[in-house]
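Note sheet for the following structure.
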Amino acid sequence: MSENAILRAGPSRVVAPVPIVSAAAQTQPHRVNIAASHVDVFYAAKQAIVDVSIDIGEHQVTAFIGPSGCGKSTFLRCLNRMNDTIPICRVTGRIAIDGEDIYDPGMDPVQLRARVGMVFQKPNPFPKAIYENVAYGPRIHGMIGNRAEADEIVERSLRAAALWDEVKDRLDEPGTSLSGGQQQRLCIARAIAVSPEVILMDEPCSALDPIATARIEELIDELRQNYTIIIVTHSMQQAARVSQRTAFFHLGVLVEAGDTETIFTNPRDGRTQDYITGRFG
Amino acid sequence: MSNTLLIAGLLLLMTMAYVHGRRRALSSAAGRRVALHSLPSYHGLYIALWCGLPALALAILWLVLEPSIVRWMVVASLPEAQRSLPSGELGLLLNDVRNLAPGNVAGRQPDAATAAAVETYRTLKSIVFWAMVAAVTAVAAFGFEVGRRAIAPAFRARQRVERTILWLLVAASTIAVLTTIGIVLSLVFESARFFDKVSPFEFLFGLEWSPQTALREGQVGSSGTFGAVPVFAGTLMITIIAMTVAVPVGLMSAIYLAEYASPRVRAWAKPLLEVLAGIPTVVYGFFAALTMAPAIRELGTFLGIEVASESALAAGIVMGVMIIPFVSSLSDDVINAVPQTLRDGSLALGATHSETVIRVVLPAALPGIVGSVLLAVSRAIGETMIVVMAAGLSARLTANPFDAVTTVTVQIVSLLVGDQEFDSAKTLAAFALGLLLFVITLGLNVVALTVVRKYREMYD
């Protein structure tokens, strides 16, 4: 039933690109949450990101767009230091969250990742029960004292990810038994469960069908009330639909960043213009 | 020797056929490669196969049938007196004939009749051999001609050759399967003979193992008992000791290699660990008997515990060391097969590397790890050399790892070593033990493979 509703809602979302971004949202300044300055990333000798500086506002959706291999995912993974898991990867420059340098030697990447959650391109639920998937993060961070607390966190997170009604009767079933879109919402619930400030999404809809995509986009729009969201996407329509601010990457360089409406209607840079009009990429 | 020459000659013929086929195919297409349906080498192979395979099959058939035909002809040539000998003595006589024919010395001085038979045998042998050479050559030539005629630009030599090779592959796998079936059947039939003499109930549930049979009536200690429980209990105890060593060490080294080791360390450490599997078991055996067992006994004396010089502990520990690479190598593969996205998902939630390994990677890999452990168990149960050298012979029902125990494989060895009559319960018991062992390891392997397969389905 709910899927029908989305089907009907779908076309209007596609046609009107940015109904979300009201005039008020644009003028009202957002507090800067993440500030990156002069970030370079190297894979061994190859430079993947060149001198990127960007401010990302709190409780906004920021979209990173650009052609494949332009470094947008690499830059995203710098923000929760997931690049640390790649031995040959080296990051220089300064990235601060709430004024705190996340590459400072005193910063614990494990604690950082509890503050900066991440949702991946391919849904990757653990081969555990749905309940355990959500309770996993809070457990390892000692946020759960007893069963009642666990139940409460699991329910709250699944509700926030708009998945509760679909799975509340089968929380013991493995997370891998859900459909692709449900799995991705489960991964979002899993990320929300540890109460992060920021959620990074690396092409979260690229493995999903249009209906599941629409649900996730709707969810992203709701989540921005409480979280700073950064989404990497290949789809310019998606960037236009869900984001308030857009950053365009090309060949490892941040070409242009600004309000989504401005980027899509009146870009300053010729390369942005070419990309959004489909001349390359 | 002459047979080897024959085969070599056949191979030479095949090579010539191949070369000829190639050339003929090319000339049939007037040198234009593209005009041929199949590459020239397929035409060459086609002729070579026609030339070689039927001739080879004939030669093998000939060599299989030859001895009995020659024997029958030699017997027919013998004088009436020898021909009517009882079969045992006739066999001895023919054995002499076979030994004398190449000019060797036989056990007894040949009489006139035997000498005549030797002469007949020699003549027959050489006639039969040259007949075979002629027949094989004829078949090869015939095959060569058949293949040669088929060659034409449009001839589908490729498909024919591929189908022939397919049949060769099928034949090879059939041999493996038939061998297995043959071994199982021989076990089953010999065990059936054993169970004629000893009831299966006594064998399966009897608590005493003393495999004696009387050589003559009224001998002292002639009553054998064939209760297999103590023997299997010994196997079980040594296996448990071995797994107590192998599972923790193997699993932890697998976790280290798969999750923590740098690629360079891994490239060195994994092959080195696998060398353990390449050490001959007999070397482990004397390590267990000469180094481990005395060391454990002295440690026991030091601690005031009485330890048998052939303790289950020594054999079990060394067997455990031998099995480490089975556990570690298979588990390492299984852990590596856990998708990186699961690790990323856990790390991105703020889990440490160890938390990720313990709570996400290992549970995901668990079915495969169980499978690898079960395979290692069946290896431990069937292991023979270490326990023959380091475990005892007396079948004792004990739970004390410092005692000497015996195992199924040790008993099979000791039942069959030396001169034995192959119809007493004592020797036949070896087959029953072997059958039971086979059933147990087969069951374990089936369970292990099912578990591993189930695990594979999860990520595909």
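We name chains A, B, ... by the order of the sequence lines, and we start the count at 1 in each one.
Note: Q340(B) CD to N124(A) CG = 10.5 Å, rounded to the nearest 0.5 Å. The CD atom of E355(B) lies 12.5 Å from the CZ atom of R139(A); values are rounded to the nearest 0.5 Å. In this structure, the separation between CD1 on I358(B) and CD1 on I140(A) is 11.5 Å, given to the nearest 0.5 Å.
In this structure, L342(B) and P127(A) approach most closely via the heavy-atom pair CD1-CD, 3.7 Å. Contact detail for N80(A) and A348(B): the closest heavy-atom pair is ND2-CB, 4.3 Å.
Partner of L349(B) under the side chain to side chain contact (heavy atoms under 4.5 Å, CB included) criterion, out of R113(A), M118(A), R190(A): R190(A) alone.
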Between T341(B) and F120(A), does a side-chain contact (heavy atoms from CB on, under 4.5 Å) hold up when you go through it step by step? CA-CA 8 Å; T341(B) 54; F120(A) 294 84; over 6 Å; no
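The neighbour count for N146(A) CG, taken as heavy atoms of other residues, nucleotides or ligands under 6.0 Å away, is above 12. Crowding of K270(B) atom NZ: a count of heavy atoms from other residues, nucleotides or ligands under 6.0 Å exceeding 12. The local environment of CE in M107(A) is crowded, with over 12 non-hydrogen atoms from other residues, nucleotides or ligands closer than 6.0 Å.
In this structure, chain B has no heavy atom under 4.5 Å from any part of P196(A). Neither the backbone nor the side chain of V119(A) comes within contact range of chain B; no heavy atom of the residue lies under 4.5 Å from a heavy atom of that chain. Residue contact with chain A, scored on non-hydrogen atoms closer than 4.5 Å, involves the backbone and the side chain of S346(B) alike.
Side-chain N or O atoms of K128(A) include none that pairs as donor or acceptor with a backbone N or O of A364(B) at under 3.5 Å.
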